[in-house]
Every structure is written in C-alpha cells, then in structure tokens.
Number of protein chains: 2
Amino acid sequence: MFTYIAGSGAMGCRFGYQLYKADQEVVLLDMWEDHIKAIQENGLKIIGDQEDCVHIPIMRPEEASRKADLVILFTKAMQLPDMLEKIRQVIDQDTKVLCLLNGLGHEDVIKKYIPEHNILMGVTVWTAGLKTPGTVLLTSTGAVNLQSIDPKGESEALKIVEVLNKAHLNVTYDADVLPSIWRKACVNGTMNSTCALEDCTIGEFFASEAGLRIVHSIIHEFVMVGEATGVKLDEQAITDYVMHTSVVAGSHYPSMHQDLIQNHRLTEIDYINGAVAKKGDLLNIPTPYCHMITDLIHAKEDILKIRK
Amino acid sequence: MFTYIAGSGAMGCRFGYQLYKADQEVVLLDMWEDHIKAIQENGLKIIGDQEDCVHIPIMRPEEASRKADLVILFTKAMQLPDMLEKIRQVIDQDTKVLCLLNGLGHEDVIKKYIPEHNILMGVTVWTAGLKTPGTVLLTSTGAVNLQSIDPKGESEALKIVEVLNKAHLNVTYDADVLPSIWRKACVNGTMNSTCALEDCTIGEFFASEAGLRIVHSIIHEFVMVGEATGVKLDEQAITDYVMHTSVVAGSHYPSMHQDLIQNHRLTEIDYINGAVAKKGDLLNIPTPYCHMITDLIHAKEDILKIRK
C-alpha cells in the first residue's frame with residue numbers, strides 16, 4: 001500500500017516512521033524547507049522511548065507524482081485546502097484519504113476534492129513532538145479510531161486498518177467515529193485557547209475554580225451543538241474525559257500556546273471553538289463562550305500582527 | 001469644610017491637592033506606608049502640567065480622629081469596606097460621604113455604614129498617575145458629576161459642589177447621575193479586562209475587528225442589565241463614547257493591566273464586568289461575556305498566585 005503523509009510535522013513523522021518500519025512504502029510530504037532538507041540529508045531522527053534514524057523519502061507536495069493508495073492528512077487545519085490542491089495529481093478514483101487533523105468540519109473541505117466513498121475520518125490520541133527540523137520526539141503509546149464517511153467504503157477501510165495495525169498504530173474501525181472526534185475537539189476547545197490566552201499550563205488553568213467554570217461552559221456548548229448536528233454526546237462522560245486529560249497533560253503547554261505565544265503563528269481556533277460557534281449560529285444555538293474565546297484569540301493574533 | 005480623602009492614590013492626591021491649594025482643610029488617608037512616609041517627610045510632589053510641592057497632612061485611616069464634614073472615597077473597590085470600618089470614628093450624623101470609585105454597586109456597601117441622606121454618588125473623568133511614593137503626575141483637565149442618593153440631601157450636596165468648584169474640580173450636581181456612572185463602568189468594562197488579558201494597549205485591542213466584536217457584546221450586556229435596574233442607557237450613545245475614549249486613550253495600558261500584568265495585584269473585575277454578571281443573574285438577563293471575562297481575569301489572578 002503506497003502511502004503519502006500529507007503534512008509531516010511531529011504527528012505525520014510518527015505515522016510515516018511507524019509505516020516505514022513496518023516495510024510499507026511511504027513518502028512524507030511537507031512544505032517546511034529546513035525540515036525537508038534535514039531529513040533528505042541526514043534522515044529522520046527519532047528520540048524518546050527509543051533512538052533511531054531512517055532514510056525515509058520526503059518532498060514538497062507539488063513534487064509528488066506517483067499515484068497514492070492512501071493519503072493520511074496531517075496538516076495544520078488552515079493548510080488543508082492548499083495541501084489538497086497541491087496533491088491532486090497523486091489522487092485517482094481508488095485513492096483513500098484519511099483525515100486525522102484536530103478540530104471539526106474538515107470533511108466539508110475534503111469533500112470538495114475527494115469522492116465521499118474514499119474519505120475516512122479519524123481521530124488519534126497518539127502524541128509526538130518536533131524538536132528541531134528532522135528530529136521527532138516519540139514517547140508513550142496511542143490509538144486511532146476511523147470510519148468511512150460513506151458506509152459503502154467500510155470493506156476497503158478495513159483493509160487500511162489492517163495495514164496500519166501492522167505498523168502498530170493501534171487502529172480500530174469505528175462505526176460511529178464522530179463522538180470521538182467531537183470529544184477530542186472538546187479537549188482542545190477547553191485547553192488550547194484558554195491556556196494560550198492565559199499563558200499557562202493545562203494544570204495551572206484547571207487548578208483555578210474560575211478556569212473550571214469556563215471549562216464547563218465550553219463543554220456544554222460543544223455538547224449542545226454536537227447533539228444538534230446529530231452526534232450522540234454524553235456531557236458527563238466528556239467532562240470526565242476532559243478532566244482526566246487535564247491531569248495527565250497537566251504540566252504541558254498545549255499546541256495553541258506553542259503556536260500563538262511561543263512562535264507567533266496563526267492558531268487553529270477557527271476549527272475548534274470557532275467551528276462550534278459557527279455551527280451554533282446556523283442551528284440557532286447560543287455559543288457565547290466559543291464566540292468570545294475565538295474572538296479573544298483572533299484579537300491576540302491581530303495584536304501580535306500575525307494575521308493579514 | 002474639613003475633608004478627608006479616604007484612599008490617597010493618584011486620584012485621591014489630585015483631589016486633595018486641589019482642595020489644599022484652594023485653602024480647604026484637607027487630610028489624606030492611606031494605608032501604603034512608603035507613600036505616607038514620603039509625603040510626611042518631603043511633602044506631596046506634583047509634576048506634569050505644573051510642578052509643585054505641598055506639605056499636606058497624610059496619615060493612616062485608623063489615626064484620624066477629628067470629625068469630618070466630608071469624606072471623599074477614592075480607594076480601590078475591594079478596599080472600600082475596610083476603609084469604611086477604619087474611619088468610623090470620624091463620621092457623625094452630619095458627615096457627607098462622596099463615592100468616586102470606579103465600578104458599580106458601591107452604594108450597597110456604603111449604606112451599611114452611612115445613612116442614605118448623607119451619601120453622594122459620583123463619577124469623574126479627571127485622571128492622575130502615581131509615579132513614585134509621594135509623587136503624582138497631573139495633566140489635562142476633567143470633571144465630576146455627583147448626586148445625593150436621597151433627594152432630601154440635595155441642598156447639602158449643592159454646598160459641597162460649591163466648595164469643590166472653588167478648588168476648580170469642575171463639579172456638576174446631576175439629578176440623574178447613574179447613567180454617567182454606568183457609562184464610565186462600561187468604558188472600564190470594555191477596556192480594562194480585555195487589555196489586561198490580551199496584554200496590550202487600548203488602541204491595539206480596538207484596532208482588531210475581533211476585539212471590537214467583544215467590545216460591542218460587552219456594551220450590550222451592560223446596557224441590558226443597566227436598563228433592567230432602572231438606569232436609562234442609550235446603547236448607541238455609550239458605544240460612541242467608548243469608541244471616542246478608545247481613540248483618546250489609545251496609547252495607554254488601562255489600570256487593570258497595570259494591576260494584573262505589571263504589578264501582579266488583585267484587580268477590580270468583580271466591581272466592573274463581575275458586577276454586571278451578578279446583577280444579570282439576579283434579573284435573569286444572560287451576561288455570558290461579562291461572566292467569561294470575569295472568570296478569565298480571576299483565572300489569571302489564580303495562575304499568578306495573587307488570589308488567596
């Protein structure tokens with residue numbers, strides 16, 4: 001199964017590395033020149049639970065020409081349309097596209113490029129960290145849940161699950177994956193924007209009673225909007241999951257903090273709280289907390305002059 | 001007319017200084033030891049539009065013993081009850097108490113200590129800055145609007161207006177002062193909490209479209225709650241006033257930024273957005289923006305470990 005990793009940051013490198021080690025044909029695609037050059041010259045370096053270095057191919061998406069059996073999408077949310085444009089030439093009527101991006105609403109973008117029976121939506125709790133160009137920190141274990149958005153695609157999807165599991169990616173075919181996607185979005189929606197704004201770790205924010213009131217209000221809005229779009233969500237179970245995650249990840253600054261505060265990069269807020277606010281508006285469900293935190297993050301992007 | 005300034009920060013010093021220069025008997029009260037000592041040893045130094053140094057008396061509130069004709073309250077909001085406790089001994093049945101604190105709801109606190117016919121509520125657009133202990137920067141001009149909360153107190157209040165105007169404080173007796181108090185609270189409620197949270201100047205926040213959406217939502221909540229409590233407020237006029245102020249004060253960090261970010265001190269958020277959120281809850285008026293920004297500020301106080 002010939003696979004492209006479309007977007008080879010930390011997570012893309014983890015999936016590419018594990019497929020490569022399982023003797024799958026895999027090519028990393030990325031747009032960051034330093035990262036591409038480092039891997040082309042010195043290989044992809046793995047540190048963390050084990051040390052390794054593999055000479056896995058990497059190129060810019062527009063340089064890819066061989067038809068893909070599978071594309072795993074791992075871009076930042078706002079880079080997704082650009083990536084899909086740039087890899088049109090490797091996609092034919094049999095190419096499966098698996099989306100593992102954080103956030104909500106990506107299927108609406110992907111459908112513009114890929115027929116529904118070839119789209120797999122998924123969610124993962126694997127983690128990874130990019131230390132320097134070409135060097136990725138891999139610790140701990142994870143899992144993937146995925147589903148073909150067209151039920152007709154299930155048998156083909158099961159073949160992909162099998163291949164990914166040969167690479168120990170711990171993948172489950174999930175006949176109802178949307179609740180898991182929403183649950184992870186809710187983790188991001190309560191931690192990323194708040195810790196970026198408050199300039200604090202997850203543990204610091206969740207230790208504050210005032211912070212927790214905000215967490216509960218955001219979860220409530222996610223659940224109201226998700227349910228109205230037909231996704232079955234249990235508010236108490238999601239709250240428990242968020243609280244559990246806040247303990248496990250307590251010492252970390254979430255990725256939006258890294259983007260906004262540490263690196264002055266645009267955030268994915270429009271695909272997390274912003275997506276819920278937008279869906280809420282369409283469905284006449286009030287989402288003031290998601291609206292306000294989205295605007296607070298955008299205002300900070302404006303203040304830091306990282307929005308055009 | 002023997003007057004105490006109860007809370008002699010920058011604004012208290014301005015009012016005390018102007019009364020002193022108009023040959024009124026005035027004593028500053030404060031709790032900051034360095035500031036008291038500096039003024040006792042070297043006098044109150046005035047810089048800015050003019051330079052001056054005056055040997056005006058200053059002491060701790062519990063040291064005051066002479067009965068007051070007038071007390072002008074200029075504490076931080078959260079220090080108000082403590083100050084009223086500590087000056088009980090200088091208040092008799094004729095002492096007038098003028099409240100010029102920022103924020104909302106102070107009359108409910110003052111009523112516990114002072115009979116209604118002796119309470120004057122006011123609002124001022126004078127400004128002042130404390131540069132170092134004992135040194136105050138005074139520039140530009142301002143005005144005061146005040147009202148006796150008991151109509152029976154009006155004639156006595158007019159005498160006070162006359163004395164304050166001898167000190168060029170530009171005071172008007174306002175038969176309906178609450179709209180002005182709410183309007184100023186709305187300026188604070190749109191600028192203080194937001195700029196403290198975003199770590200930016202007023203101009204930077206108001207230059208952001210996303211920031212402006214938040215401004216308009218907060219104004220709307222203030223107007224809804226104010227009107228429900230019987231205060232006549234014109235949302236468009238308040239919006240114009242807030243926008244005008246944001247231009248005039250564009251280069252400044254508001255006082256809450258100074259408190260929270262620069263000096264790691266507790267903020268007055270509970271008396272601005274927090275007061276509107278609380279009143280809104282009692283009146284069943286949704287105030288999610290005021291609730292959320294109040295909790296975001298409190299969370300930051302927790303993160304900075306400046307809340308007990």
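Throughout, a chain's letter reflects where its sequence line sits, starting with A, and its residues are numbered from 1. Here the structure is a predicted model, which is why all the values come from computation and not from measurement.
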TODO: Would you indicate whether the side-chain heavy atoms of Leu296(A) and Leu296(B) approach each other to under 4.5 Å?
DONE: yes
Open item on the list: Surrounding NZ of Lys111(A) (heavy atoms of other residues, nucleotides or ligands, distance under 6.0 Å), is the total greater than 12?
Closed with: yes
For residues 276-284 of chain B, please give each side-chain donor-acceptor pair under 3.5 Å, one per line with the distance, not counting sequence neighbours.
from, atom 1, to, atom 2, distance (Å)
Asp281(B), OD1, His291(B), NE2, 2.9
Asp281(B), OD2, His291(B), NE2, 3.0

Task: Glu301(A), part contacting chain B, at a heavy-atom distance under 4.5 Å - done: neither
Open item on the list: To check you understand the geometry: which heavy-atom pair defines the closest contact between Ser208(A) and Ala299(B), and what is its length?
Closed with: OG-CA, 3.4 Å
Open item on the list: What I'd like to find out is whether the side chain of Lys300(A) reaches to under 4.5 Å of the side chain of Asp199(B), using heavy atoms alone.
Closed with: yes
Task: Spacing of Cys195(B) atom SG and Ile303(A) atom CD1 [to the nearest 0.5 Å] - done: 7.0 Å
TODO: Would you give the length of the straight line joining atom OG of Ser217(A) to atom CE of Met292(B), rounded to the nearest 0.5 angstrom?
DONE: 7.5 Å
Open item on the list: Can you confirm whether more than 12 heavy atoms, excluding those of His264(B), are under 6.0 Å from its NE2 atom?
Closed with: yes
Task: Over 12 foreign heavy atoms within 6.0 Å of NE2, His216(B) - done: yes
Open item on the list: So which residue, Ile293(B), Thr294(B), Ile297(B), ends up with the most heavy-atom pairs under 4.5 Å with chain A?
Closed with: Ile293(B)
Task: Side-chain touch Glu209(B)/Asp295(A), heavy atoms, less than 4.5 angstrom - done: no
